[in-house]
Amino acid sequence: MFLRLLATLLGAAGAYALYWILGALYYEFTSPWRYLRGPPSTHWFFGNLKEFIDDEDDGLEESWRQQYGRTFKFYRFFGTTALHTTDPKAIHHFLSNTHIYQKSEASRFSLGQIVGPGILVVEGDVHKQQRKIMNPAFGAPQVRNLTEIFVDKSIQLRDIWAAQVAKSNDGVARVEALSWLSKATLDIIGLAGFNYKIDALGAEEGAAPNELAEAFEAIFAAETGSGFSFARFLQLRFPILRNIPLKRNKTVVEAQATMMRIGRGLLADSKREIAENGFETNTGTASGRARDLLTLLVRANTSKDLPASQRLSDEDVIAREGANVPRGWSWCVLPSFVRVSSKAPSIYSSWSAETTSTAVTWTLFALTQNTTAQTRLREELLGVSTDRPSMDELNALPYLDSVVRETLRLYAPVPGTSRIALRDDVVPLSTPVTDTNGTVHESLRIRKGEPIIIPIIAMNCDGEIWGPDAMKFIPERWDAPPPGASAIPGVWGHMLTFIGGPRSCIGFRFSLVEMKALIFTLVRSFEFELAVPIGEMGKKGTAIVQRPIVVTDRAAGNQLPLFVRPVVRELA
Ligand code: HEM
Ligand SMILES: *[C@@H]1O[C@H](CO)[C@@H](O)[C@H](O)[C@H]1NC(C)=O
Ligand SMILES: *[C@@H]1O[C@H](CO)[C@@H](O)[C@H](O)[C@H]1NC(C)=O
Ligand SMILES: *[C@@H]1O[C@H](CO)[C@@H](O)[C@H](O)[C@H]1NC(C)=O
Ligand SMILES: *[C@@H]1O[C@H](CO)[C@@H](O)[C@H](O)[C@H]1NC(C)=O
Ligand SMILES: *[C@@H]1O[C@H](CO)[C@@H](O)[C@H](O)[C@H]1NC(C)=O
């Protein structure tokens, strides 16, 4: 009886797999871009994916572009292909038509597992509604009021490094910049996001682990404990299997309850604050309450202009029972802590913290590779008379601005994203493509279900726009950006780093000022030098971002070891 059941189940699974493979092959055979040019497949199963993933210096896409033009196809699993284009008109089309091009179901599922089913993963009207309520909290006036938090945390980190230098005999400390920056950005999003002290920077001094951080650790350990999970892979491919609960244990269930309790408490605090004191009368209090994003969101939700049907429920913001992680706008706030390195289990991150710490890490890396640029930046920063600049003072520093732009262009923390076409479509092109038959196409046919790559770094480094030194770190290029760059359909700075259109990064202003505060404080105080030979440095992606590694110590995970020396300042 049992065996017969098993055989039936296996048979059904086999038939389903065969159906899936035949479907994929048929789909491929009838693809409208069958005749597009592109690199030949290098593996019967992985297509070109292996080169793609192993490409540590990001030169592969640019070399493909040089060979096959701006729009080409490449091979993915099992002979299926994907379109790759850095054509600005096509990218603009993908990013602005969000009713046609959405995150694929699989990527939403896996992002949702990491960051919770919040704004990053919802689509359509639900997204529009959440975004409308959230937008005001991320405006320039709000970010201006958060700058103090960015600066405070930057100074705390500066003092920790200075103490390490003081302990050394030779006036030099070796620091692992990435993990420290992760802690700083995590503390920042805790305070700026929901007025919660995570205190990852302070925890180093032997303090009891933070309750929230501990809860995240338990959940994350259980989620990722065994590394690659075949069960999870199957769930990704076959949605039908997602209803089968994977093993959960008591620790995890308790940790989830802790997270929800803290989240509810924070939401209740925000509501009480607004109910008792109103919003306006209470800004800028000593506690920092009423500047944080959560309070701004609760206030926006109480606005009289907002129809009842568009209000966010508490569940949208905090969590649903049984969900893996808190939901709602949890992507950046109550959220999504991802363990950064297996050797450093106390480091957590969220979308906001992980992307921004990655960006600042790459900035320091780039500055170690060009001491002229590092010195020039420091001279500009030392010209400022205060250690505690405002947002406007930070934004008035032109070379700091160019350095931030150049890092975000060349080392975009999120190197690429993807979409899927919900219906057949015709995509306009700025550069026509010539197929293998020699036929010239002015536009491109896209078929329902087709996967689309939004190649962020490849667009930011397209030699056709940026010239032959596109892959080099040259802050001075921003004195006179190439005219072609204005065609790049990004929400900020002639680049795709924060993508563009209705789904662009809502937090880009927040992130830019946060980066500037950290770089300002650290580069004013220290000289930076890479602590390993440059030949040992590489890049490796985590679930979300692309970060540095030391290739001779891959097991340590992502890291950036630096020597820091205090800057000797002449007293005025
Ligand atoms: C250098 C830092 C950052 C980079 C490079 C970055 C990049 C991005 C990118 C590429 C997306 C689009 C993802 C996709 O659609 O596939 C995105 C979305 C988003 N980002 Fe950021 N981000 C950064 C910092 C932040 C910060 C600091 C916050 C919050 C405080 C934030 C909040 C969000 C949110 C909420 C979305 C989803 C927006 C939507 O779907 O409507 N990001 N970000
Ligand atoms: C439950 O999860 C915790 C945290 O990941 C882990 O330490 C523990 O070993 C797990 N227990 C069981 C019985 O799987
Ligand atoms: C910023 O803070 C100031 C006082 O600290 C307050 O008057 C102002 O309303 C705040 N602005 C926003 C947009 O929250
Ligand atoms: C939004 O407003 C509704 C109606 O007043 C309320 O029930 C809900 O709890 C509020 N949600 C949040 C997140 O404040
Ligand atoms: C270093 O930076 C300076 C200023 O940005 C630039 O002129 C120079 O070409 C750079 N050198 C290298 C080796 O990249
Ligand atoms: C390209 O050429 C092949 C055979 O040479 C032909 O069957 C096909 O229809 C052509 N495709 C296009 C898009 O012109």
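Order of listing sets the numbers, starting from 1, for every ligand and every atom in it.
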### Query
If hydrogens are left out, which of R503, E354, M495, R419 has an atom nearest to atom 15 (O) of ligand 1, that is, the closest non-hydrogen atom?
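Looking at heavy atoms only, R419 sits closest to atom 15 (O) of ligand 1.
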## Note on the structure
Heavy-atom proximity to atom 18 (C) of ligand 1 ranks first, among C505, S418, S511, A137, for C505
Using 4.0 Å as the upper bound for N to carboxylate O, is an ion pair formed by [Y] and [X]?
X	Y	answer
K153	E514	no
D401	K516	yes
E379	R376	no

Donor on one side chain, acceptor on other, [X] and [Y], under 3.5 Å:
X	Y	result
D425	Y101	yes
T521	R158	no
T302	R311	no
Y399	E476	yes

### Message
I'd like the contact residues of ligand 5, where contact means a heavy atom below 4.0 Å.
### Response
N370, Y399, P475, E476
### Query
What pair of heavy atoms forms the shortest contact from V143 to F150, and how long is it?
CG1-CE1, 4.2 Å
### Message
If I compare all heavy atoms of A412 with all of N460, which pair ends up nearest, and what's the gap?
### Response
CB-ND2, 3.9 Å
#### Entry: Aromatic centroids of F508 and F138 separated by under 6.0 Å
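Not close enough - the centres of the two rings lie 6.0 Å or further apart.
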Has [X] got any heavy atom lying under 4.0 angstrom from an atom of ligand 1?
X	result
F508	no
M515	no
S504	yes

### Query
Can you tell me how far OG1 of T71 sits from CZ of R65, rounded to the nearest 0.5 angstrom?
10.5 Å
Find all atoms of ligand 1 within a distance of less than 4.0 Å from any non-hydrogen atom belonging to [X], and give their numbers and elements.
X	answer
T497	5 (C), 7 (C), 10 (C)
P413	5 (C)
T417	14 (C), 16 (O)
R131	38 (C), 39 (C), 41 (O)
F138	29 (C), 30 (C)

### Query
Where's the contact between R509 and ligand 1, heavy-atom distance under 4.0 Å: side chain, backbone, both or neither?
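Under 4.0 Å from ligand 1, R509 contributes no heavy atoms.
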### Message
For D469 and R477: C-alpha separation, side-chain torsions, deciding distance, then whether salt bridge (Lys or Arg N to Asp or Glu O under 4.0 Å) applies.
### Response
CA-CA 10 Å; D469 59 10; R477 76 171 81 240; 3.4 Å; yes
### Query
With only distance considered, is K271 within less than 3.5 Å of ligand 4 through an N or O on each side?
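Among all N and O atoms of K271, at least one is under 3.5 Å from an N or O of ligand 4.
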